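A short write-up of the structure that comes next.
Since we're looking at a predicted model, the values are computed, not measured.
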Amino acid sequence: MSSNNILASIEAMLFAAGDPVEPVKLAEVLDIDVENVIKMLGHLEAMYDENDSGLRLIRIDGKYQLCTREEYSEEVRGLLEIKKNTPLSQAAFEVLAIVAYNKTVTRSFIEQIRGVDCSGSLSNLIQKGLVEEKGRLDLPGRPLVYGTTDRFLRCFSLNSLDDLPDLPEDAENKDDSQTSLFENGEEQSEVDADVIQEDNE
């Protein structure tokens, strides 16, 4: 693998991870020495600085994370506010149902069920205040655990997650039942309206 490919791979992994990542984990994936990974991280940091990029690479307790530059915070905040008020997509509804029915889950668990990356949908749900971080599992990598919020309960008129409709036992219907809270477009629109109205208050 060339140096450019290694650099691009590191950049892609940091972007996808979202959270700070230890160099040793990057080295493990790339099957190269940690020293080379740290050297490449230095190149990546310098590249962002030299190109006046909107992104920067930061170090947190020996880990590395991509983030936006402070001088663009107003624009980023503006975009996130617009995104926050955007109605939920079907993918986001599916992710929300998986989190709600399982009470606490990791991102990898959601992706295992859906078979696709869920980082965008999960981020959207967090921005809307429907899902939040609940801590980390005591496992390698300390994966984040997500769960629903009190706002989720208010939006769906639930006293607790125990009030969720029962899931069908038929395995054939299991995937559809994960979004049984959102059976028709009218119910989705009502939820969207509640979320948007609360965001604008």
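Tested against Tyr48, the residues Glu11, His43, Arg56 include a single side-chain hydrogen bond (donor to acceptor under 3.5 Å, both in side chains) partner, Glu11.
With a 6.0 Å radius and a threshold of 12 heavy atoms from other residues, nucleotides or ligands, Glu70 has its CD atom at or below the threshold. Asn5 CG: more than 12 foreign heavy atoms inside a 6.0 Å radius. The 12-atom threshold is exceeded at CG of Asp163, counting heavy atoms of other residues, nucleotides or ligands nearer than 6.0 Å. At most 12 non-hydrogen atoms from other residues, nucleotides or ligands lie less than 6.0 angstrom from NZ of Lys63. Heavy-atom contacts from other residues, nucleotides or ligands closer than 6.0 Å to CD of Glu28 number 12 or fewer.
The two residues Val34 and Pro23 make their nearest non-hydrogen contact at CG1-CB, 4.1 Å. Heavy atoms only, all atoms of each residue included: Leu125 and Leu96 are closest at CD1-N, 3.8 Å.
No donor-acceptor pair under 3.5 Å is formed between the side chain of Thr149 and the backbone N or O of Glu132. Arg69 places no side-chain N or O within 3.5 Å of a backbone atom of Asp52 that could act as its donor or acceptor partner. Between the side chain of Gln65 and the backbone N or O of Leu14, no donor-acceptor pair lies under 3.5 Å. With hydrogens and angles disregarded, a donor-acceptor distance shorter than 3.5 Å links the side chain of Tyr101 to the backbone of Pro165.
Cluster membership check: Met40 does not share its hydrophobic cluster with Ile60, using side-chain heavy-atom separations under 4.5 Å among Ile, Leu, Val, Met, Phe, Trp and Tyr. Under the 4.5 Å side-chain heavy-atom criterion for ILVMFWY residues, a single connected hydrophobic cluster contains both Val29 and Tyr64. Under the 4.5 Å side-chain contact rule for hydrophobic residues, Leu26 and Ile58 do not share a cluster. Residues Tyr72 and Leu57 fall into different hydrophobic clusters, defined by Ile, Leu, Val, Met, Phe, Trp and Tyr side chains chained together at heavy-atom separations under 4.5 Å. Note on Phe15: it clusters hydrophobically with Val37, by side-chain heavy-atom contacts below 4.5 Å among ILVMFWY residues.
Donor-acceptor pairing under 3.5 Å is recorded for the side chains of Ser123 and Gln127. Judged by distance alone, the side chains of Asn51 and Ser53 never bring a donor and an acceptor atom under 3.5 Å apart.
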Inset, instruction - Applying side-chain hydrogen bond (donor to acceptor under 3.5 Å, both in side chains), run through Asp117 and Ser119 and close with a yes or a no. - result: CA-CA 6 Å; Asp117 178 78; Ser119 55; 2.6 Å; yes

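Interatomic distance, Thr148 OG1 to Leu164 CG, rounded to the nearest 0.5 Å: 7.5 Å.
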